[in-house]
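Shown next, in structure tokens, is the structure this report addresses.
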Number of protein chains: 2
Amino acid sequence: MPAVSVDTIEAELIALLVAVTDNEPRVLTIRDGSLLPSGPFETTHRSLQASLRAWVEQQTGHPLGYTEQLYTFADRDRSTEDAARRFISISYLGLTRQAGASGCGHDTAWRSWYRYFPWEDWRDGAPPMIAKAIVPRLRAWTSATVEPPRRRERQQRVQIAFGLRGLPWNEELVLQRYELLFEAGLVPEAIRRSNGDETGMLPGEPMPHDHRRILATGIARLRAKIKYRPVVFELMPASFTLLQLQRAVEALAGQRLHKQNFRRLIDSQALVEETGDVTTETGGRPAKLFRFRPQVLLERAVAGSKLPVARPD
Amino acid sequence: MPAVSVDTIEAELIALLVAVTDNEPRVLTIRDGSLLPSGPFETTHRSLQASLRAWVEQQTGHPLGYTEQLYTFADRDRSTEDAARRFISISYLGLTRQAGASGCGHDTAWRSWYRYFPWEDWRDGAPPMIAKAIVPRLRAWTSATVEPPRRRERQQRVQIAFGLRGLPWNEELVLQRYELLFEAGLVPEAIRRSNGDETGMLPGEPMPHDHRRILATGIARLRAKIKYRPVVFELMPASFTLLQLQRAVEALAGQRLHKQNFRRLIDSQALVEETGDVTTETGGRPAKLFRFRPQVLLERAVAGSKLPVARPD
DNA sequence: CGCATTATGCTGATCATGAGCATAACTGGG
DNA sequence: CCCAGTTATGCTCATGATCAGCATAATGCG
């Protein structure tokens, strides 16, 4: 084997598989929810996409719908072990319909992503932990900053990320929020390198390496994407009611939507069509069942469609 | 050196450096404009971003403003030479202010990106080559497709990508257009692998490997980004007139904008402030000079600002 | 001084969005 | 059988953003 590169470079794929079941946005995890699934960099397939798809379908048994590359991490300090060995992690986001059986024998599990980011779920209003725990500690962190320009910069970042001082909560800033908490030393991942002291950490389950950061990146991407491209479709069963569709979007966005406006938007876009059937399983008046319009499935909304992310009921 | 991975994996960084000079969007190229600059995967820096920044600044002498990861390519057929050697190319987009001297001694040059994508420049109306050359050949390509569902799919993709049948031209679909032309065998990169026959190719300079694809990805990203984040700032000098700013946006977007609406949008967002000076170099009535508001430079527009991409004058 | 040129202010039409009222159609309990 | 509770669905109104122009203000130039 020729020694072309100075260091040993290894590459792996990290898969962020997302599904929505029981109105919860879920990610596929391994080892009792502590880790995202990752696999070797297969050379038997033509492209990374194909490699990922083959690997995921073999591992989980789920067909993989939409996929998208997320981010490539290659920072030196990713692995604490060996400085000369470099790990390149190429992460992908994948959407799938079924999140039933856990797949293969490994201890895989679909976990709600709000388990790792409890402050991101605003469906029942602002999570109390933000005002009680996060904001005070971030304020303490900014106040402790000596240089005034840096302090002001941090103040502003905190205000924007968490919607302080009259600014609105922006559900897309998942990564910025995580990075702030990381910088402020409020998540366990940030201090694991220095010492083992995990007191004063925020709720929200940590993950090793960059995995929680990858998850944050994926959530942010997905939350942005549902507004201008009909990717929710990839997560829905063949037929569904409009409220079910709305609940799925709400699960992803972490926000409640205005019902009537949601329907208006959906049908103004001609994204769906009635199947002709209705279901009475919803409780009240029977709801019409819809399916996605096949030709829409292809490319449609690149021209610019939006899903409304609005205020609570 | 331990033989951990089966194949030899090599990694490189590819830099897509963008500047706007003389109302042209330009990219830094090497070898007489035939190639994007790429460098080794440096292990001496902490992160990929830092690695890229150091390398670019050393190579070109330009300070690097905003940077963003674009895409990671690792397809087997990237390099035709050796199947066992795998090349991972991590590409970055970087914005810089100055595109004056070419930098170091290598034959680097700033080339208008429309040299590689002549069909993307709509500032003087629709490029004639679209109706004359591109659309007919794409139609021939779709017509030659045997299976009806595949044919219809391709028809629809062509219509969306090139704004046919009443659909609007969407300037963000740079990559989709390039990929269509690639699939249809209308760009030299597509057939280089099979034979050397380059007759019937479209105008627009090709690049080896994925370089033109990377450029397309970067243009698309930038065109999308200027609408909701004030990245144009990174490309402008310290002070400028509103028309200069508009021209820069038009260069990137490849479209003309409505002047009055552009100014209204800019100042409704409070992105800029007057310097107090005026310039008479613009021809008619002297124009006020503006600078970007420093605090805006930080993070401001994440909350959602937009640059208008509108119709011709 | 009049003309060409660019800068800049302002207005009306149109469209998207946010919020809510009102009604329809079912279920289950008295 | 009627009533309360629940969800589905149609429609309106206010507001704000965007599109497309008209009108006026300052310059330089012949």
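So you know, we letter chains A, B, ... as the sequences are listed, proteins then strands, and number each from 1.
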Task: Shortest non-hydrogen separation from Leu180(B) to Val158(B) and the atoms involved - done: CD1-CA, 3.8 Å
Task: Between dG9(C) (P) and Phe262(B) (CZ): distance, integer Å - done: 15 Å
Please tabulate the protein-to-nucleotide N/O contacts below 3.5 Å involving nucleotides 10-13 of chain D, giving atom names and distances.
residue, atom, partner, partner atom, Å
dG10(D), O6, Gln260(A), NE2, 3.4

TODO: Take the protein atom CD of Gln255(A) and the nucleotide atom P of dA19(C), then report the distance between them rounded to whole Å.
DONE: 11 Å
Open item on the list: Treating Glu171(A) as the side-chain partner and Glu120(A) as the backbone partner, does any N or O pair qualify as donor plus acceptor under 3.5 Å?
Closed with: no
Task: Interatomic distance where CD1 belongs to Ile266(A) and P belongs to dA16(C) [whole Å] - done: 15 Å
Open item on the list: Closer than 4.0 angstrom, basic N to acidic O: yes or no for Arg221(B) and Glu172(B)?
Closed with: no
TODO: Using atom NE2 of His258(A) as one end and atom C1' of dA16(C) as the other, report the distance to the nearest whole Å.
DONE: 15 Å
Task: Interatomic distance, Gln244(A) CD vs dA8(D) C1' [rounded to whole Å] - done: 13 Å
Open item on the list: Once you measure the plane-to-plane angle for Phe233(B) and Phe292(B), does it fall in the parallel (<30°), tilted (30-60°) or perpendicular (>60°) bin?
Closed with: parallel
- [ ] Look at Glu250(A) together with Arg256(A) and state whether they make a salt bridge at an N to O cut-off of under 4.0 Å.
- [x] yes
TODO: Give the rounded distance in Å between these two atoms: NZ of Lys227(B) and P of dT18(D).
DONE: 12 Å
Task: Stacked cation flag Arg177(A) on Trp169(A), 6.0 angstrom / 45 deg - done: yes
- [ ] Please tell me if the side chains of Arg213(A) and Tyr178(A) come closer than 4.5 Å, counting only heavy atoms from C-beta onward.
- [x] yes
Open item on the list: Between Arg229(B) and Glu68(B), does any side-chain N to carboxylate O distance fall below 4.0 Å?
Closed with: no
Can you check nucleotides 2-6 of chain C for protein contacts, nitrogen or oxygen pairs under 3.5 Å, and list what you find?
residue, atom, partner, partner atom, Å
dT6(C), O4', Gly284(B), N, 3.4
dT6(C), O2, Arg285(B), N, 3.3

- [ ] Whole angstrom is fine here: how far is it from CG in Asp277(B) over to P in dA7(C)?
- [x] 16 Å
- [ ] Please state how far atom CG in Leu257(B) lies from atom C1' in dC19(D), giving the value in whole angstrom units.
- [x] 13 Å
TODO: May I ask you to establish whether Arg223(A) and Trp122(A) are in a cation-pi arrangement, using a distance under 6.0 Å from NZ or CZ to the six-membered ring centre and at most 45° from the ring axis?
DONE: no
